[in-house]
Amino acid sequence: AAGSTNTLRWTISNSPCTSSSDDVIISFPLNPTTASAGPDQLALCGLTSATLAANTPSVGTGAWTVISGTGGSFSNTASSSSTFIGTSGNTYTLRWTITNSTCTASTDDVQIAFPKIPTTANAGPSQTLCGTTTTTLAANTASIGSGLWTIFSGTGGTLTNPSSPTSGFSGVAGNTYVLFWTISNGACQGVSSSVLVHVDQLPDSAKAGLDIRSCEGFSQLTLAADSPLVGIGYWTKLSGPLNILDTANAHTALTGAALAPYSSSFSWTTSSGVCPLMVDTVNVLVDAYPSSSFAGINDTICSTNIQLNAAPPLVGLGQWTSLSGTIQFADSNLATTNANGLSTGSNTLYWTVSNGVCADSVSSVSVFVDVAPSIAFAGADISACENTSGISLNAILPSIGSGTWAVLSGSFQLVNSNQANSALQNIGAGNSIFVWSVENGSCPSSSDTVSVTVSALPSSAVVGANQLLCENASLVNVS
């Protein structure tokens with residue numbers, strides 16, 4: 001029977017001789033237990049010993065042997081759970097053999113590896129790119145094991161050589177990538193190191209808006225920069241009394257004030273990551289109210305030119321203007337200046353004081369230009385006899401202006417001094433001189449004189465009685 005041992009005897013006899021005999025042992029041993037060396041142990045990172053896990057034979061005995069690998073030893077070759085001691089960095093093939101007598105042995109192999117701990121991974125410094133989407137990574141080179149780059153997060157990135165510590169990397173502008181550099185040694189998986197790669201876009205150009213000019217007393221001033229589509233923008237005060245209400249608002253209001261005039265300057269900066277800053281400046285000028293305009297006192301003249309006398313402004317600049325195209329100014333920006341080319345009648349001249357964008361202060365002066373009166377003509381001198389009735393003056397009625405008679409000398413009197421052909425009264429023998437004056441507004445009057453002479457009546461003639469004379473009379477007396 002299997003597993004039994006039998007002793008058999010061979011006897012040869014020849015009576016009466018003593019028999020001859022010999023014994024033989026016949027054994028039927030069991031096959032040894034099927035060997036199982038246990039699972040492979042390939043990830044004994046940093047170790048040099050391993051506890052084996054072969055099966056314990058129920059039939060036969062087991063023994064460990066080294067099939068391949070250098071420098072290995074067993075704490076107990078006969079123990080299924082023997083400790084195996086090897087050398088770091090080596091891989092061993094061990095065999096567990098179970099034998100039973102002469103039966104065919106049962107064997108099984110197991111691999112034991114003692115890989116070295118891989119080099120500690122260092123993915124290098126984080127990088128922020130601007131103006132480019134490619135970079136060269138800077139991880140450490142593995143002295144033990146091999147490294148591999150992987151993209152953990154981020155869209156659209158590519159590695160040119162994932163196994164190179166200095167692999168090139170390309171990303172997409174506006175994205176942030178997390179890359180892992182992992183150094184492994186066989187089954188030993190090292191701890192990954194990460195690096196951050198941020199690909200910035202160039203910020204939009206800074207546009208702070210047009211310079212602002214306002215007048216004191218404003219209700220509110222607001223800056224007007226362009227908000228960037230790429231990057232962020234912020235205001236910085238450079239100078240002046242005005243302050244920024246919200247530095248991050250492209251259209252922020254300004255606060256504060258001072259005694260006008262004054263100015264403030266601000267810069268609008270757009271930034272995007274490490275990209276160069278874009279900067280633009282805007283100036284805010286606040287003007288003072290102009291001085292109140294005073295064009296002078298209205299006047300009436302008898303000329304086409306006049307000297308104007310406005311009040312010179314303390315704040316702002318003054319300028320003379322007129323709606324009439326014929327009027328010219330010697331210097332329209334001087335408060336005291338000559339104006340010529342005035343028209344007959346009413347002329348309105350404007351003195352405007354302006355300062356920056358403030359409302360102008362305007363006043364006017366009215367200059368009335370009179371026309372020179374007609375030339376006075378009092379008429380021809382008059383001679384009359386004292387018994388003449390109805391003596392009248394005979395001046396020419398002026399076409400421009402008005403005429404007036406006045407007694408320059410003598411006793412004759414005027415019936416109507418405003419009548420060119422005024423009658424005279426209180427006439428007697430004698431002489432009177434009259435002056436005819438023609439006036440028109442402020443113009444110099446024109447005058448002319450006329451003489452009126454009234455002769456006395458002659459005495460009554462008496463020649464005496466009629467006389468009868470002889471032809472030869474030589475002398476005649478008349479009385």
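All values derive from a computational prediction rather than experimental measurement. Numbers here simply count residues along the sequence, with the first being 1.
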Stepwise, does the side chain to side chain contact (heavy atoms under 4.5 Å, CB included) test hold for Asp287 with Glu216?
-> CA-CA 6 Å; Asp287 295 317; Glu216 66 175 319; over 6 Å; no
Show the nearest heavy-atom pair for residues [X] and [Y], with the distance to one decimal.
X	Y	value
Ala295	Ser363	N-OG, 2.8 Å
Ala113	Leu44	O-CB, 3.3 Å
Phe114	Ser49	CE2-N, 3.3 Å
Val279	Ser267	CG1-CB, 3.9 Å
Ile396	Trp436	O-NE1, 3.5 Å
Asn140	Asn122	OD1-N, 2.8 Å

Mind checking whether Phe152 and Tyr177 have ring centres under 6.0 Å apart?
->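 No; Tyr177 has its ring centre 6.0 Å or more from that of Phe152.
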Are side-chain N/O atoms of [X] and [Y] paired as donor and acceptor at under 3.5 Å?
X	Y	answer
Ser293	Ser361	no
Asp331	Thr337	no
Ser265	Asn283	yes
Ser184	Gln189	yes
Ser163	Asn161	yes
Asn431	Thr453	yes
His198	Thr176	yes

Do the side chain of [X] and the main chain of [Y] share a donor and acceptor less than 3.5 angstrom apart?
X	Y	answer
Ser263	Leu285	no
Thr344	Val369	no
Ser126	Leu196	yes
Asn309	Thr336	no
Thr119	Ala142	no
Ser445	Glu439	no
Tyr262	Ala257	no
Trp181	Leu148	no
Ser264	Leu242	yes
Ser227	Ala250	no

Between [atom1] on residue [X] and [atom2] on residue [Y], distance to nearest 0.5 Å:
X	Y	atom1	atom2	value
Ser271	Asp200	OG	CG	9.5 Å
Phe434	Leu414	CZ	CG	5.0 Å
Asn175	Leu129	CG	CG	11.5 Å
Ser192	Leu179	OG	CG	11.5 Å
Thr281	Leu238	OG1	CG	7.0 Å
Lys116	Thr87	NZ	OG1	10.0 Å

Should Val284 and Leu221 be marked as a side chain to side chain contact (heavy atoms under 4.5 Å, CB included) after you check the CA-CA gap, both sets of side-chain angles, and the distance that decides it?
-> CA-CA 9 Å; Val284 179; Leu221 291 177; 3.8 Å; yes
Show me, pair by pair, the donor-acceptor contacts under 3.5 angstrom made by side chains of residues 376-391, not counting sequence neighbours?
| from | atom 1 | to | atom 2 | distance (Å) |
| --- | --- | --- | --- | --- |
| Asp381 | OD1 | Ser451 | N | 2.9 |
| Glu386 | OE2 | Leu457 | N | 2.6 |
| Thr388 | OG1 | Cys385 | N | 3.2 |
| Thr388 | OG1 | Cys385 | O | 2.8 |

Would you say the side chain of [Y] lies within less than 4.5 Å of the side chain of [X], judging by non-hydrogen atoms?
X	Y	value
Ser422	Ser392	no
Val230	Thr270	no
Leu223	Asn249	no
Asn305	Leu342	no
Phe412	Val452	yes
Val282	Trp268	no
Phe169	Thr136	no
Val435	Trp405	no

Acceptor/donor pairs from residues 316-327 side chains to any protein atom, 3.5 angstrom cut, sequence neighbours excluded:
| from | atom 1 | to | atom 2 | distance (Å) |
| --- | --- | --- | --- | --- |
| Trp320 | NE1 | Leu334 | O | 3.0 |
| Trp320 | NE1 | Ala335 | O | 3.3 |
| Ser322 | OG | Ser324 | N | 3.1 |
| Ser324 | OG | Thr326 | N | 3.3 |
| Ser324 | OG | Thr326 | OG1 | 3.0 |
| Thr326 | OG1 | Gly341 | O | 2.9 |

Show me the donor-acceptor pairs within less than 3.5 Å that the side chains of residues 347-359 make with the rest of the protein, sequence neighbours left out.
| from | atom 1 | to | atom 2 | distance (Å) |
| --- | --- | --- | --- | --- |
| Asn347 | OD1 | Ser343 | N | 2.9 |
| Asn347 | ND2 | Ser343 | O | 2.6 |
| Asn347 | ND2 | Gly345 | O | 3.1 |
| Asn347 | ND2 | Val367 | O | 3.3 |
| Trp351 | NE1 | Ala311 | O | 3.3 |
| Asn355 | ND2 | Ala288 | O | 2.8 |

Do other residues, nucleotides or ligands put more than 12 heavy atoms under 6.0 Å from the CD1 atom of Ile375?
->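 No - once you tally the heavy atoms of other residues, nucleotides and ligands closer than 6.0 Å, there are 12 at most.
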Could you go through the side chain to side chain contact (heavy atoms under 4.5 Å, CB included) check for Gln419 and Asn421 one step at a time?
-> CA-CA 5 Å; Gln419 191 172 8; Asn421 58 352; 3.1 Å; yes
Could you go step by step and tell me if Ser374 and Ser446 meet the side chain to side chain contact (heavy atoms under 4.5 Å, CB included) rule?
-> CA-CA 7 Å; Ser374 300; Ser446 176; over 6 Å; no
Mind checking side-chain hydrogen bond (donor to acceptor under 3.5 Å, both in side chains) for Ser88 and listing every partner two or more places apart, or none if nothing turns up?
->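 Residues passing side-chain hydrogen bond (donor to acceptor under 3.5 Å, both in side chains) with Ser88: none at all.
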For Ser68, side-chain hydrogen bond (donor to acceptor under 3.5 Å, both in side chains) partners two or more places apart =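 Residues passing side-chain hydrogen bond (donor to acceptor under 3.5 Å, both in side chains) with Ser68: Thr93.
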Pick one: which of Ser143, Pro118, Ser146, Pro165 meets side-chain contact (heavy atoms from CB on, under 4.5 Å) with Ile183?
->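 Only match with Ile183 under side-chain contact (heavy atoms from CB on, under 4.5 Å): Pro118.
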Listed once per pair and sorted, the disulfide bond (SG atoms under 2.5 Å apart) pairs that draw on residues 242-313, sequence neighbours left out =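 Only Cys130-Cys275, Cys302-Cys443 qualify under disulfide bond (SG atoms under 2.5 Å apart).
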